[in-house]
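One structure below.
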Amino acid sequence: EVQLVESGGGLVQPGGSLRLSCAASGFTFSSYEMNWVRQAPGKGLEWVSFISGSGNNIKYADSVKGRFTISRDNVKNSLYLQMDSLRAEDTAVYYCARGWVVTPGLGSFDFWGQGTLVTVSS
Amino acid sequence: DIQLTQSPSFLSASVGDRVTITCRASQGIRTYLAWYQQKPGKAPKLLIYAASTLQSGVPSRFSGSGSGTEFTLTISSLQPEDFATYYCQQLNSFPPGFGGGTKVEIK
């Protein structure tokens, strides 16, 4: 059974840092792209970042570029999101999601974690 | 960036109703579109990918159609468990953004 379990969320002051983790199980982690998606309270979904299976291809949303860093450890079956220079507008539930490429185009997000809440406030 | 516009943003319907949600892309995205369902406090769930292919385990009352810039998600007979928010997502190019969502509520 595919499982994605996020951790690392919490309350942080503006300008602070936080590192999110996503532990994957039930599939060959290195064979899949992974993404981070966030959802501010009461708002819609916002894609944040992408990393290829090998880790060689990385993309970011403009809203987080230069502040967030995505990475993965294919030995530990884990995905990470290092978040620096946090702002109030980064407050959201952060989900990791598996990218599933079965047709041309980018992979749709077929499995999601339960999410971890990040609150940026003084 | 490609923008996705969903309509309506809110929909009130009864059990058994046929429901259609539209997603329009700001430029052509071929059939590189997915639909997700999200219930309160839960993660989104993939319903349809490649515009019209039903994800495994998703009831057949859900269907998707369209290509290019206009897409639809149809629920043929709304069930109590279908009351949720639905999002489209384009998978043609980065960033793989989402539409603003359509909340389906009980009339």
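Residue numbers begin at 1 in each chain, while the letters A, B, ... track the order of the sequences. Atom set for the values below is all heavy atoms of this structure, side chains included, hydrogens, waters and symmetry mates excluded.
- For chain B, no part of A:Phe111 is nearby; none of its heavy atoms comes within less than 4.5 Å.
- Of the two parts of A:Val93, neither the backbone nor the side chain holds a non-hydrogen atom closer than 4.5 Å to a non-hydrogen atom of chain B.
- The CZ atom of A:Arg19 sits 5.5 Å away from atom OG of A:Ser71, with the distance rounded to the nearest 0.5 Å.
- The candidate from B:Pro95, B:Gly100, B:Gly97, B:Pro44 with the greatest count of non-hydrogen atom pairs under 4.5 Å with chain A is B:Pro44.
- Here CZ of B:Phe62 is found 7.0 Å from CG of B:Leu73. Values are rounded to the nearest 0.5 Å.
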Between chain A and chain B, donor-acceptor distances below 3.5 angstrom:
from: A:Gln39; atom 1: OE1; to: B:Gln38; atom 2: NE2; distance (Å): 2.8
from: A:Gln39; atom 1: NE2; to: B:Gln38; atom 2: OE1; distance (Å): 2.9
from: A:Gln39; atom 1: NE2; to: B:Tyr87; atom 2: OH; distance (Å): 3.4
from: A:Tyr95; atom 1: OH; to: B:Gln38; atom 2: NE2; distance (Å): 3.4
from: A:Tyr95; atom 1: OH; to: B:Lys42; atom 2: O; distance (Å): 3.4
from: A:Leu106; atom 1: N; to: B:Leu91; atom 2: O; distance (Å): 2.8
from: A:Phe109; atom 1: N; to: B:Tyr36; atom 2: OH; distance (Å): 2.9

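- When every heavy atom of A:Leu18 is checked against every heavy atom of A:Gly8, the shortest pair comes out as CG-O, 3.5 Å.
- Across all non-hydrogen atoms, the minimal contact from B:Val19 to B:Ala13 is CG2-CB, 3.9 Å.
- Checked by atom type and distance alone, the side chain of A:Asn74 never pairs as donor or acceptor with a backbone atom of A:Phe29 at under 3.5 Å.
- Put simply, the residue from A:Ile70, A:Asp73, A:Leu20 that forms a side chain to side chain contact (heavy atoms under 4.5 Å, CB included) with A:Tyr80 is A:Asp73.
- Applying the side chain to side chain contact (heavy atoms under 4.5 Å, CB included) test to A:Arg67 and every residue at least two apart in sequence or in another chain returns A:Val64, A:Ser85, A:Arg87, A:Asp90.
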